[in-house]
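Here is the structure we will look at, set down as structure tokens.
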2 protein chains.
Amino acid sequence: MALQKLSPTVIEGLTQIPLLKDLPADLIASILNVAQRRAVEEGSAFFFQGDPAEKVYVLLEGRVKLFQLTPDGQQVLLRVIGPWSLFGAIALAHGEFYPVTAQTAQNSTALYWPVSVLMGFINKSPQLAMNALQIMAGHVQEFQDRFRELATERVERRLARAILRLTSQTGKKVPEGILLNLPITRQDLAEMTGTTLYTVSRILSQWESQGLIQSGREKIIICFPHGLVNIAEDLPARQT
Amino acid sequence: MALQKLSPTVIEGLTQIPLLKDLPADLIASILNVAQRRAVEEGSAFFFQGDPAEKVYVLLEGRVKLFQLTPDGQQVLLRVIGPWSLFGAIALAHGEFYPVTAQTAQNSTALYWPVSVLMGFINKSPQLAMNALQIMAGHVQEFQDRFRELATERVERRLARAILRLTSQTGKKVPEGILLNLPITRQDLAEMTGTTLYTVSRILSQWESQGLIQSGREKIIICFPHGLVNIAEDLPARQT
DNA sequence: AATTGTCTTTGCGCTGGCGCAAACAAAAGC
DNA sequence: GCTTTTGTTTGCGCCAGCGCAAAGACAATT
């Protein structure tokens, strides 16, 4: 029923996503056919941490931040996702509640399926289950890696990594370099890297004075990516 | 072919593990039937980080540490597992290489299956795929949580959490309290909590002087679990 | 009993990063 | 335009935790 509302371009895009990879065309069609659609304006949320996990989402457009709240109210930004990404997939694994909040950073729309529906498809198609498994496995690896980073590396390097990661997801070429095409605050970066907004601000200022980046309010342009990579990796001691 | 070598008690135990949960008895039988068995003595490894990921293991007895090596040679201890735990499951998701090393902390034996074999079963049983998915999802959540911990909490609390986690896995009652039934060094604890062995030692000494624990070489006994929980959670300010 | 290797403890100095405070800058609202 | 809100920068003091070094404790080996 939602299918006719999806543009061919969107459908084309959807057939490429990891969740639907290598599925027979007719199965993809019937899955998309029962998808529902939801638009959420900037600053609102698709779901909150603690909500019953009963839907699985694929972002069509916009930008979504996934974060966790600590018992004492601090936030930790786990992921920032763009179009074609899956989120809320924990629901598939009979997770009772979403462990994160999915808040929009821009006006966004997403497709979603009730778990029960998706589960029905999984029972018919092991490939779909395998795809889900692979996505999950990817997340496990990513968080293992970030855990290691946080445990062993200092802030400057973690920040460089985080920015490079974001760049690869949302980077957009502009004359001065690569623009992080996403409104992101110092606070956000701090929450992603396990530090404070002050420290992020200081490091960005330092990088700016070295000509590595240009930054402004909720805006970062990477002028010299290689410099950041040098910081992120263990490469030769860098000279100013 | 390995089935007849497994004692009924072991088979009984295996049918309970999350991976095989809710599977028809005959399927479990045929899965166990093609399992192979491998013993690894203390200090050796089932596999190393970077090895091709082609087997999935279930620990039958012993204790296995899963850790990652950083590019510059530091270790990070991701998990310590005991009997009935699944490891190397990344292989199921077409992970090319193991992202961790699985080293034994005691003489250990495990069952294992080549991925291809297990994959065959998955194609026949969506339930098996679901089980794997749930296990993965559990890991994602665990690492998200630990990431948050590492990003927002101080060492003492992280250490308390780590020890409580280990206790719930391997705790054994003794007259003085609960013994961590696993040879674990200060260094190991440091690698689990993202700190240094010096800091771990200092904190344990402090707890010992407060009567919360008794500790010795590669040995920890929790005398007053509630005290640790107080530290681990955000409970009321504790007085000495 | 003595030796060796591994693990643990603790003193000490140092620093990376925290976090308050206060000023500044850029949007957004009126 | 002015005000308010939201985000950013930076000085400053402080401390949690790091990491060296050196001594002590325990286990295993000879």
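These numbers come from the heavy atoms of this one structure, side chains and all, not from hydrogens, waters or symmetry mates. Here the structure is a predicted model, which is why all the values come from computation and not from measurement. To find a chain, count down the sequence lines: A is the first, B the second, and so on, and within it residues start at 1.
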Each nucleotide in nucleotides 3-13 of chain D should get exactly one letter: B, S or -. Can you fill that in based on protein heavy atoms under 4.0 Å? ---BSSBBBB-
Integer-rounded Å distance: C:dG16 C1' and A:I203 CD1: 10 Å
Picking from B:L179, B:I81, B:I184, B:L180, what satisfies side chain to side chain contact (heavy atoms under 4.5 Å, CB included) with B:T170? B:L180
Rounded to whole Å, please give me the gap between CD in B:Q214 and P in D:dC26. 13 Å
Given D:dC18, is OP1 or OP2 found less than 4.0 Å from the side-chain N or O atoms of B:T196? yes
Let me know the distance between CD of A:Q74 and P of C:dC18, rounded to the nearest Å. 11 Å
For B:R63, check salt bridge (Lys or Arg N to Asp or Glu O under 4.0 Å) against everything at least two apart and list the hits. none
Atom-to-atom span, CG of B:L189 to C1' of C:dT8 - whole angstrom: 12 Å
Separation of atom CD in A:E153 from atom C1' in D:dG17, rounded to whole Å: 18 Å
Close side-chain approach of A:V58 to A:F87, heavy-atom, < 4.5 Å: no
A:E41, CD: over 12 other non-hydrogen atoms inside 6.0 angstrom: no
For B:D51, run the side chain to side chain contact (heavy atoms under 4.5 Å, CB included) check against B:F97, B:F46, B:Y98 and tell me which one passes. B:Y98
Going through the checks in order, is the side-chain contact (heavy atoms from CB on, under 4.5 Å) test met by B:Q68 and B:Q75? CA-CA 6 Å; B:Q68 246 187 5; B:Q75 284 189 11; over 6 Å; no
Rounded distance (Å) that lies between atom P of D:dG17 and atom CZ of A:R154: 15 Å
How far does the helix from C:dA1-D:dT30 to C:dC30-D:dG1 bend, going by the axes of its first and last five pairs, to the nearest 10°? 40°
Rounded to whole Å, CD of B:E156 lies from P of D:dC18 at a distance of 13 Å
Do you know the tightest heavy-atom contact between B:G171 and B:I178? CA-CG2, 3.8 Å
Considering only heavy atoms from C-beta outward, does the side chain of A:L86 approach that of A:L59 to under 4.5 Å? no
In the structure I gave you, are the side-chain heavy atoms of A:L166 and A:M192 within less than 4.5 Å of one another anywhere? yes
